[in-house]
Amino acid sequence: MTQETRDVAIVGGGLVGATLALLLGEAGWRVDLFDAGSRPDEAATLGEGPPSLRVSALTAATQRLLTSLGVWPWLAARRIAPYRGMAVWDAEGSGEIAFDAEDVGVASLGTIVENDLLLAGLRRRLDDLPSVTCHFEARLTGYRRESGVSTLVFDDGGSYRTPLVVGADGGRSVLRGLAGIPVSERDTGQVALVTSVRTELGHGGIARQAFLPTGPLAFLPLNVVPASNGDPLPGNEASDHHCSIVWSTTPGEARRLASLAEDDAGREALARELEAGIGDRLGQVTVIDAAPHFPIVQRHAQRYVDEGLALVGDAAHSLHPLAGQGVNLGMMDVAVLAEEWIRAKKRGADPADARILARYARRRRGDNAAMLAAMQGFQRLFGSAQPALRLARNWGLGGVDRLMPVKRLMIRQALGESGDLAERCR
Ligand SMILES: Cc1cc2nc3c(=O)[nH]c(=O)nc-3n(C[C@H](O)[C@H](O)[C@H](O)COP(=O)(O)OP(=O)(O)OC[C@H]3O[C@@H](n4cnc5c(N)ncnc54)[C@H](O)[C@@H]3O)c2cc1C
C-alpha cells in the first residue's frame, strides 16, 4: 500500500540524517525518517564502562549546532572528551607541528564523542517531537520521480509518496544511485583500523597523529570517567588514560593488525606496534577492544540536488578520516539545507523549488570540495617516499610550526569556522 509522507522523507537515520530530522522537526515540519537498521536499545548504559569503538572529533561549529538542538548538554553530562592540543609529526623525519587552543583564545580545539552516544542523544530528542516519525528496518530499494512527486519503495514492500526527499544514506547511497546521480570515486588504497587502548601516561587532552610510511596513526584522547561531576575537561588525572585509535594503512597491514587483536598474545603484539608507531609518547599501551577496519574511499557526488531531492553527509561526499571531518561536513550540510528550507517555507515559497535546492548546493559544494582536495594532497605528501617530498613535508611542518598567523588560520579551519555556515553554527 502506498502511503503519503507529509513534508519530507529522509532516507538514512545516521548522525547526519537524524540531525536533519531534528532541525526540521523542531521547526514544525512533518518528517518521516527511514533507516535500514533496527531500533536502537535504550541508551541507559551508553557512556559508561569501556569506550565505544567508533568515535568522532567534532568541531566547535558542530558543537554549537548540537547545543542549539538541546543535544550537547545531554552528551556533556555523560561522556565527552574536549581536547586542547593537537600534535602532528612525520615519523620518518623531524617535522612536527603542535596546535594549542590558547593560541586562538578558545578552551578546546574540538571534542571527541562516541558515535553511539551522539546518535542516542539525537534519537532521544526526536522521540519528543510528535511531527517526526522514525521508521526502522526500512531499507530503500526503489525510487522514481513523476509529476512533482517522489515514490520511495522499501524492502518490506511498503511505498511512500513524498514531495521532498533527502538522501542521508551514507557513502554507498542507494538513493543517489537510483536517482542516477553520478559520483566521482577514488580508492585511497588505505584502510582505517579502529580500536581502543589504555595508556600508561595520560594524554593530557592532546590529540596525536603520526604519519607513518604506510599512513597516519591517530591516538584520540578519551575521557572514560563519567562526567557526572560536571567536569569532563581533559587533563583530569583519573580520566585521561584512554585513547581511540584510527590507524590508516594498507589493506594487507590492516588485515594483519586486525587479526592480532583476536587473542591476548596478539593484542600484546599489537600494543607494541602501537607504542612504536606513536614514538613511545604515551608509555605502555594496552589494547582493550577488537580492531575492525573500514576501506577508505573518497567520493563526491557530481550533483547534490535533483528534482525534489537533496543529498547530505556521506551520501554527497566521503573523505579520508585523517582530519576527522566527515561528520562535521555532514552537519554543516544539514544546517544549511534546513536554514534554506525553513526560510523558504516561511516566505511561502516551495522548498522543492529548484532555485532553493541550488542555493543549498552552492553554499556547501565548494567547502566540501576544498576539504576533499586537501585530504588528497595530505595523503600524497605524507604517503610519498620520494626524498624531495619528504624534505618538503619536514620543512613544511617545522616552518608552519614557527609561523603563528598560518597556524592560527589552520586552527580556525579545524574549529570548523570557515566557509558559508548556517547561522546556528556561527
Ligand atoms: C575510521 C573512521 C573514523 C572517522 N572519524 C571521524 C571523525 O573523527 N570526525 C568526523 O567528523 N568524521 C569521522 N569519520 C567519518 C564519519 O564516520 C562519516 O562521515 C559519518 O558517519 C557519515 O554520517 P552519515 O549519517 O552521512 O552516514 P552514515 O553514518 O553512513 O549513515 C547512513 C545511514 O543510512 C542508513 N542506510 C544505508 N542504506 C540505506 C537504505 N538503502 N535505506 C535506508 N537506510 C539506509 C544506514 O543504516 C545508516 O544509519 C570517520 C570515518 C571512519 C571510517
Side-chain angles (χ1 to χ4, degrees), residues 5 7-21 24 31-36 138-155 159-188 295-320 325-327 329-338 340-341 344 350-373 375-376 420:
T5 77
D7 292 316
V8 61
I10 301 171
V11 180
L15 297 176
V16 173
T19 302
L20 180 61
L24 296 174
V31 180
D32 283 278
L33 179 66
F34 299 92
D35 196 88
R139 180 177 295 280
L140 183 81
T141 54
Y143 168 80
R144 65 175 183 277
R145 178 93 182 169
E146 276 166 2
S147 316
V149 177
S150 299
T151 303
L152 305 174
V153 180
F154 292 89
D155 58 354
S159 61
Y160 288 80
R161 285 161 53 84
T162 177
L164 263 187
V165 61
V166 178
D169 51 343
R172 287 183 294 174
S173 169
V174 169
L175 181 58
R176 185 184 63 210
L178 291 169
I181 298 178
V183 62
S184 314
E185 203 165 280
R186 189 180 74 88
D187 186 348
T188 63
I296 307 173
V297 179
Q298 290 219 146
R299 296 188 182 91
H300 205 185
Q302 288 181 16
R303 281 179 283 123
Y304 284 9
V305 296
D306 206 356
E307 204 194 315
L309 178 150
L311 298 176
V312 294
D314 274 25
H317 45 75
S318 45
L319 72 174
H320 200 295
Q325 287 297 331
V327 175
L329 296 183
M331 293 293 189
M332 296 308 106
D333 291 348
V334 294
V336 166
L337 182 62
E340 292 293 342
W341 274 352
D350 177 3
D353 185 317
R355 285 165 303 184
I356 292 162
L357 288 167
R359 201 152 45 232
Y360 154 67
R362 218 170 27 244
R363 286 183 66 185
R364 290 305 304 151
R365 207 184 153 79
D367 284 352
N368 293 335
M371 189 60 82
L372 278 152
M375 290 311 100
Q376 196 165 334
D420 185 359

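In this chain, numbering begins with 1 at the start of the sequence shown.
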Rounded distance [0.5 Å steps], OG1 in T162 versus CG in D32
7.5 Å

Looking at residues at least two apart in the chain, or sitting in another chain, which of them share a salt bridge (charged side-chain N to carboxylate O under 4.0 Å, His left out) with R364?
D333, D367

Determine whether S184 and R299 make a side-chain contact, defined as any pair of heavy atoms from C-beta on separated by less than 4.5 Å.
no

Under the side chain to side chain contact (heavy atoms under 4.5 Å, CB included) criterion, do Y160 and T151 qualify, and how do the steps go?
CA-CA 6 Å; Y160 288 80; T151 303; over 6 Å; no

Decide yes or no on side chain to side chain contact (heavy atoms under 4.5 Å, CB included) for L152 and V11, but give the supporting numbers first.
CA-CA 9 Å; L152 305 174; V11 180; 4.2 Å; yes

Do you know which two heavy atoms are closest between A179 and D306, and how far apart they sit?
O-OD2, 3.7 Å

Can you check side chain to side chain contact (heavy atoms under 4.5 Å, CB included) on R365 and R303, steps first, answer last?
CA-CA 9 Å; R365 207 184 153 79; R303 281 179 283 123; 5.9 Å; no

About how many Å separate CG of D35 and CZ of R139, when rounded to the nearest 0.5 Å?
8.5 Å

Using side-chain heavy atoms (C-beta onward) and a distance below 4.5 Å, is L329 in contact with M371?
yes

Heavy atoms, side chains only, cut-off 4.5 Å: are L175 and L309 in contact?
yes

Student check: side-chain heavy atoms of V8 and L24 closer than 4.5 Å:
yes

Is the shortest heavy-atom distance from the side chain of H320 to the side chain of R186 under 4.5 Å?
no

Beyond-backbone contact of V16 with D314, side-chain heavy atoms, under 4.5 angstrom
no

Supply the atom-to-atom distance F34 CZ to D169 CG, rounded to the nearest 0.5 angstrom.
12.5 Å

Among residues at least two apart in sequence or on other chains, which ones pass side-chain contact (heavy atoms from CB on, under 4.5 Å) with A21?
I10, V31, L33, L126, V132

Taking every non-hydrogen atom, the tightest pair across I356 and D350
CD1-O, 3.4 Å

Within the 4.5 Å heavy-atom criterion, are V336 and M332 side-chain neighbours or not?
no

Between the CZ atom in R355 and the CZ atom in R362, the distance rounded to the nearest 0.5 Å is 11.0 Å

To check you understand the geometry: which heavy-atom pair defines the closest contact between G167 and A315, and what is its length?
O-CB, 3.5 Å

Scanning both residues in full, the closest heavy-atom pair of A301 with R176 reads CB-CD, 4.1 Å

What closest approach, in Å, do V165 and Y143 show between heavy atoms, and which atom pair accounts for it?
CG1-CE1, 3.9 Å

Once rounded to the nearest 0.5 Å, what's the spacing between atom CG of D420 and atom CZ of R359?
11.0 Å

Minimal non-hydrogen separation, L337 against A310, with atom names
CD2-CB, 4.0 Å

Give, for atom CD of Q325 and atom OG of S318, the distance between the pair rounded to the nearest 0.5 Å.
14.0 Å

side-chain contact (heavy atoms from CB on, under 4.5 Å) against L372, all qualifying residues, sequence neighbours excluded:
Q298, H300, H317, L319

Is there a side-chain contact between N368 and Y304 in this structure, where contact means two heavy atoms from C-beta onward sitting under 4.5 Å apart?
yes

Please report the C-alpha distance between W341 and L357 in whole Å, then the side-chain angles of each, then the deciding distance to 0.1 Å, and finally whether the side chain to side chain contact (heavy atoms under 4.5 Å, CB included) criterion is met.
CA-CA 8 Å; W341 274 352; L357 288 167; 3.8 Å; yes

Using distance alone, with no hydrogens and no angle criterion, decide if R145 and S150 have a side-chain donor and acceptor under 3.5 Å apart.
yes

